[in-house]
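Notes for the one structure printed next.
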Amino acid sequence: MTTTTTRPSATEPTTPIGRSSDYLDNRTGIGHAVKEFARKVFPDHWSFLLGEIALYSFVVLLITGTFLTMFFVPSMSLSTYHGAPKTMDGLLMSDAFASTLRMSFEVRGGLLMRQIHHWAALVFMASIVTHMMRVFFTGAFRRPREFNWLIGFTLLLTGLLAGFTGYSLPDDVLSGNGLAIANGVVKSIPVIGSYMSYFIFGGDFPGEQIIPRLFTLHILLIPAIILALVALHLMFVVVHKHTQYPGGGRKDGNVVGFPLFPVYTAKAGGFFFVVFAVLSLMGATMAINTVWNYGPYDPSPISAGAQPDWYMLFLEGSLRLMPGQAEFVSWGDFTWSLNVLVPAVLPVLLLIGFALYPFIEAKVTHDDREHHVLDRPRNRPTRTGIGMAFLAFFVILAFAGSNDLIAIHFHLSINEITWFFRVFVFVGPWFAFWITKRICLGLQRKDRELVLHGHETGRIVRFASGEYIEVHRPLDEQERWVRVNYTAHQPLELPAPNGPKGTKDKAYKSAKRWAKLSRFFYEDRIEPVTPAELAASHSHGEHDALPGGEDHALVAPDHSVDATEQSH
Amino acid sequence: MSKTTDVTVPHPEGDLEHFQDPGIPEHRHRMADTDPKADKRAERQVVVLFTISVIGTIVALWAYFAIRPDGTTAGVRTSTMVLGLAIFFALAGIGVGAIHWAKTLMSDHEVVEDRHATRSPDDVREIAVQKLADGIKDSGIGRRGVLKGVVVSALALFPLTIAVPLISSVGGDWNVGTFRTTLWKKGTRLTYDPTGRPIKASDVTIGSAVHVIPEVTDEYRQSGEWISEKAKALVLMVRLDPRDFKPFAKGKENWTYDGIIAFSKICTHVGCPVALYEQQTHHLLCPCHQSTFDVADGAKVVFGPAKRPLPQLPITVDSEGYLVAQDGFDEPIGPSYWERLR
Ligand code: HEM
Ligand code: FES
């Protein structure tokens with residue numbers, strides 16, 4: 001690109017590219033944008049690709065989805081089907097189901113597009129979830145990125161809706177049963193449940209309106225919302241500039257990586273094609289949602305072992321685990337269907353609580369600084385533990401949503417499995433938290449040990465005194481920097497109460513609660529090695545054990561131990 | 001606190017308490033940077049990859065025109081497979097080619113760019129605040145309280161003009177009373193699902209489970225209304241040795257006929273069809289969330305997330321020996337809802 005693009009007053013462009021750039025810039029002023037963005041720096045790491053996969057599979061959904069809309073008929077009018085496959089010939093079915101069959105069997109490439117679309121939906125959700133985990137475990141949600149965390153979270157929920165509305169469109173037995181369950185859940189809402197059901201179905205379930213309604217949501221409203229949120233999400237990524245992993249030269253005040261043009265453009269652009277290619281491969285070789293095997297929706301048949309798409313399994317699981325006793329009739333003969341309401345609402349509430357995590361962490365950490373260098377998960381043991389606990393909860397629910405398959409596969413009784421999960425769904429996350437935190441603390445200790453004593457070389461040397469030692473190779477600067485460059489936060493200090501004891505002091509009480517929570521976060525912590533410590537360990541001789549050796553020397557429960565923090 | 005908004009790096013220098021940042025690791029050269037042969041080789045590989053893409057596109061177009069669907073599942077699978085694989089190569093050639101190019105031939109020198117605090121600088125903020133203040137002053141909104149109130153009210157109210165018609169229309173006639181009614185009434189014949197053939201009591205063998213729908217005309221069964229009615233009227237009927245029944249509930253002693261008993265097939269949990277019958281235990285199992293109902297004991301829940309028994313359909317036989325309903329269900333079928341018992 002020549003300078004003429006940004007300065008029309010400069011010498012007349014001579015090359016064809018120069019001339020067309022000149023033409024364009026005279027009318028758009030695009031030179032400003034090119035100057036600003038062309039060499040914008042993006043850090044490189046495999047875990048940064050997860051968000052890209054989400055974005056690219058969404059683009060694939062738009063492309064294949066548009067193909068499908070050309071042939072899909074969103075209508076529930078019934079007629080007798082004549083056509084392939086033979087098993088469906090002569091059956092009474094809705095236009096929606098018939099058009100799905102025609103699209104699969106008569107439109108060349110139609111089945112391929114359907115299968116790519118469905119696989120892309122599954123990959124879309126999976127990449128959103130893993131992307132979210134990356135953001136959580138590395139602390140990328142900290143200031144200034146809290147809004148983007150919330151936007152991403154909304155995208156997750158909207159993605160669920162997109163998936164559910166799409167899954168329901170073909171009007172086959174499975175999708176109809178999914179809608180029947182949704183109807184049952186909606187009806188359980190106190191006071192307005194029946195009216196909500198009518199609101200959705202336009203009458204008694206299933207009625208003749210639900211497919212056209214879902215269609216409008218699925219191809220217009222929800223994709224538009226997702227598109228708008230994605231745009232906002234990416235805009236913030238540009239405004240904030242991407243975070244980077246810790247390492248030599250990486251600071252909160254800079255960004256180290258490759259320029260957008262050409263390296264990042266080639267890599268990211270290439271990666272879009274790779275994602276699209278893999279989804280095409282999946283669509284080509286792996287059958288999914290073979291609706292002609294299920295048949296058109298009829299309220300009567302159902303097959304055991306039918307599974308919803310994976311991202312809905314957690315709701316299925318929580319519905320399965322809740323004991324029926326929770327339903328009761330109150331005074332006035334009103335029915336409280338808590339056996340349905342609680343398992344449907346509770347996981348969603350938990351998810352929302354998860355969305356608020358960045359604000360809670362900032363408060364208990366007293367952290368109001370901008371962060372652009374990511375955390376290594378081990379350096380935040382409590383956060384990492386909490387993340388794993390949430391993950392465990394939803395994974396256990398998802399497994400509970402397949403308890404019948406587990407029962408068949410392992411020849412177990414379904415009742416026992418259900419009881420196991422009823423207990424495990426509470427114990428499992430707690431255990432996941434505990435073990436993860438322990439592992440993190442262990443890894444931090446190992447880091448300390450490495451920094452202080454270097455790598456084991458396996459070489460044994462014998463001293464004149466007859467003593468044997470193993471030779472250790474000290475870490476190089478870069479290796480060491482990664483392991484010492486972090487802050488071990490301390491619990492908040494409790495302010496002194498304002499009034500005399502016994503008086504009502506709301507601010508004090510709330511500060512006390514926060515301090516308590518803060519202790520939960522930071523009472524176990526491991527300080528990074530300081531140059532002073534390293535020097536001390538060297539003067540002791542390489543073969544010494546860890547100073548103090550024991551855990552409690554490193555885990556400082558009271559403030560007196562670590563002068564490190566007070567010093568700045 | 002406002003000082004903390006700076007993007008500060010604590011202790012970049014290093015001291016007794018803090019190590020010094022060693023800076024960006026030294027750059028390591030790749031083969032292609034130093035060895036012209038490796039460079040040529042990498043270039044050739046990129047060329048091959050993009051060529052694969054072109055071939056993939058050609059094969060995809062050929063597959064589209066050459067492989068016609070023959071209406072069989074296998075035929076459709078073949079065309080899907082060939083077309084899809086060709087598209088895979090067309091896309092993967094471009095994708096892998098571009099990435100390989102970027103990795104081997106483009107500069108791999110890391111670039112450092114400064115960051116600035118996200119917040120706008122103080123002078124910018126000041127100007128922004130001033131501009132807003134000027135605007136507010138120009139509009140006079142601060143002085144004109146009534147005007148402010150009316151503007152806010154008008155803006156808050158006008159969405160109702162769209163929301164109210166929309167919301168009140170999407171619910172159809174809002175007659176949620178239909179949850180209580182089904183097609184079953186006194187004298188309705190029980191017929192096989194899906195054929196609609198009436199069922200003779202003598203045809204039902206002990207231990208068998210029969211899926212039942214109410215008798216309606218053939219035309220009705222072709223209509224859109226039927227699916228919604230069927231979704232409520234489905235019945236599952238089984239025949240037991242009469243001695244296997246636990247004592248019947250009061251008022252329901254005569255609701256069976258010669259060991260034949262009929263229940264609503266719609267689960268009282270969230271409404272799946274309860275379709276699996278286990279002959280030895282007399283248990284009905286809902287495949288959705290495994291609620292288990294004991295047919296011998298009034299379809300009481302013995303396990304799972306459902307609370308209430310399946311509603312029972314009182315049955316008998318007519319003069320020709322066909323099974324008929326004595327009456328409709330005496331309670332709403334299916335999942336619970338707020339005003340179910342009102
Ligand atoms: C935003 C993310 C989206 C997700 C998660 C998603 C998911 C799904 C799923 C799971 C299906 C069922 C496919 C099957 O097996 O038949 C489906 C069907 C469908 N989708 Fe999407 N979709 C998305 C976006 C779109 C868009 C943007 C369009 C159109 C522009 C679209 C158009 C359709 C159509 C027409 C069907 C019915 C096709 C059939 O029944 O075979 N989808 N969608
Ligand atoms: S619908 Fe039958 S158990 Fe849930």
Side-chain angles (χ1 to χ4, degrees), chain A residues 41 84-85 105 109 111-112 144 180-181 184 187 190-191 193-194 198-199 202-204 208 248-249 251-256 259 263 266-267 270 273-274 276-277 280-281 283-284 299-300 302 304 319-320 322 324 327 333-335 337 339 368-370 414-415 477-478 481 484 530-532 564, chain B residues 1 4 7 9-10 16-17 19 22-25 64 71 73 76 80-81 83-85 87-88 91-92 94-95 98-99 101-102 106 110-115 118 170-172 174 176 178 193 224 228 230-231 234 270-271 273 275 287 289-290 301 303 305-307 335-338 340-342:
Chain A
V41 169
F105 284 87
L111 180 63
L112 179 65
I181 293 175
K187 276 184 169 178
V191 186
S194 313
Y198 259 58
F199 179 82
D204 225 343
E208 292 176 79
K251 309 188 240 265
D252 277 332
N254 70 9
V255 49
V256 183
V263 181
K267 278 192 187 172
F273 284 94
V274 169
F276 201 168
S280 306
L281 185 65
S300 182
I302 188 161
L319 280 174
R320 287 181 187 197
M322 189 74 185
E327 177 180 326
D333 280 351
F334 291 114
T335 306
S337 317
N339 56 336
D368 195 26
R369 213 162 57 75
E370 283 201 7
I414 193 105
N415 301 18
E477 275 187 316
Q478 296 287 350
W481 179 242
V484 297
T530 63
T564 6
Chain B
M1 274 289 121
T4 57
V7 184
V9 191
L16 261 194
E17 300 296 346
F19 283 94
I24 295 172
Y64 175 80
T73 326
V76 169
T80 301
M81 174 91 85
L83 189 60
L85 284 176
I87 293 177
F88 165 75
L91 295 166
I94 297 177
I99 293 175
W101 182 3
M106 289 182 192
E110 283 184 316
V111 183
V112 184
E113 193 177 88
D114 279 341
R115 281 181 205 270
T118 309
V170 288
W174 293 105
V176 296
T178 55
D193 175 21
S228 298
K230 183 176 180 183
L234 287 167
V270 286
H289 314 101
Q290 287 97 35
V301 178
F303 187 77
K307 166 79 180 281
S336 297
Y337 53 95
W338 180 247
R340 203 182 86 85
L341 297 178
R342 299 282 291 184

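All values below were derived from every heavy atom in this structure, side-chain atoms included, with hydrogens, water molecules and symmetry-related copies excluded. Naming: A, B, ... by sequence-line order, numbering from 1 per chain. As the structure is a prediction and not an experimental result, all values here were calculated from the model.
B:Val112 touches chain A through backbone and side chain together, each having a heavy atom under 4.5 Å away. Looking at A:Val263, the atoms closer than 4.5 Å to chain B (heavy atoms on both sides) sit in the backbone and in the side chain alike. If you measure heavy-atom distances from A:Glu208 to chain B, the contacts under 4.5 Å come from the side chain alone. Residue contact with chain A, scored on non-hydrogen atoms closer than 4.5 Å, involves the backbone and the side chain of B:Trp174 alike. Looking at B:Leu234, only its side chain comes within 4.5 Å of chain A, counting heavy atoms on both sides. Only the backbone of B:Ala306 comes within contact range of chain A, with heavy atoms under 4.5 Å apart. In this structure, chain B has heavy atoms under 4.5 Å from both the backbone and the side chain of A:Ser300. For A:Pro190, the parts sitting under 4.5 Å from any heavy atom of chain B are the backbone and the side chain alike. Only the side chain of B:Asp193 comes within less than 4.5 Å of a heavy atom of chain A; its backbone N, CA, C and O stay farther away. B:Tyr64 touches chain A through backbone and side chain together, each having a heavy atom under 4.5 Å away. Of the two parts of B:Glu113, the backbone and the side chain both hold a non-hydrogen atom closer than 4.5 Å to a non-hydrogen atom of chain A.
Residue B:Pro335 comes nearest to A:Lys187 through the heavy atom pair CG-CD, 4.4 Å, listed as atom of the first residue, atom of the second, then distance. A:Pro531 and B:Glu17 make their closest contact through CD-C, 3.4 Å (heavy atoms, listed as atom of the first residue, atom of the second, distance). A:Ala284 and B:Gly84 get closest at one heavy-atom pair: CB-CA, 3.5 Å. The shortest heavy-atom contact between A:Val484 and B:Phe19 is CG2-CD1, 3.4 Å. A pairwise comparison of heavy atoms in A:Phe273 and B:Leu91 identifies CB-O, 3.4 Å as the closest pair. Nearest heavy-atom pair across A:Leu112 and B:Ile87 is CD2-CD1, 3.8 Å.
Side chain of B:Arg115 to main chain of A:Gly253: no donor-acceptor pair is present (N/O by atom type, distance under 3.5 Å, no hydrogens or angles). Proximity of a side-chain donor or acceptor of A:Glu370 to a complementary backbone N or O of B:Thr118 within less than 3.5 Å is detected.
Atom CZ of residue B:Arg342 and atom OG1 of residue A:Thr335 lie 10.0 Å apart, to the nearest 0.5 angstrom. Distance check: B:Lys307 NZ to A:Asn339 CG gives 8.0 Å after rounding to the nearest 0.5 Å. The line from NZ of A:Lys251 to CD1 of B:Ile24 is 8.0 Å long, rounded to the nearest 0.5 Å. Atom NE2 of B:His289 sits about 13.5 Å away from atom CE of A:Met322, to the nearest 0.5 Å.
Remark: B:Trp101 CH2 is loosely packed, at most 12 non-hydrogen atoms of other residues, nucleotides or ligands lying under 6.0 Å away.
Interface remark: of the candidates B:Val111, B:Leu341, B:Thr73, B:Val111 forms the most heavy-atom pairs closer than 4.5 Å to chain A. Contacts with chain A were tallied for B:Gly271, B:Gly71, B:Pro25, B:Ala275; B:Pro25 has the most, counting heavy-atom pairs under 4.5 Å. Most heavy-atom pairs under 4.5 Å with chain B, from the set A:Gly184, A:Pro144, A:Gly249: that is A:Gly249. Contact count versus chain B (heavy atoms, under 4.5 Å) is highest, among A:Ser194, A:Ala266, A:Gly109, for A:Ser194.
Listed by chain and residue number, nothing satisfies the salt bridge (charged side-chain N to carboxylate O under 4.0 Å, His left out) test with A:Glu477 (two or more places apart in sequence, or in another chain). Not a single ring-ring contact (aromatic ring centres under 6.0 Å, His included) links A:Phe199 to another residue, sequence neighbours left out.
Side-chain N/O atoms of B:Ser228 and A:Asp204 include no donor and acceptor closer than 3.5 Å.
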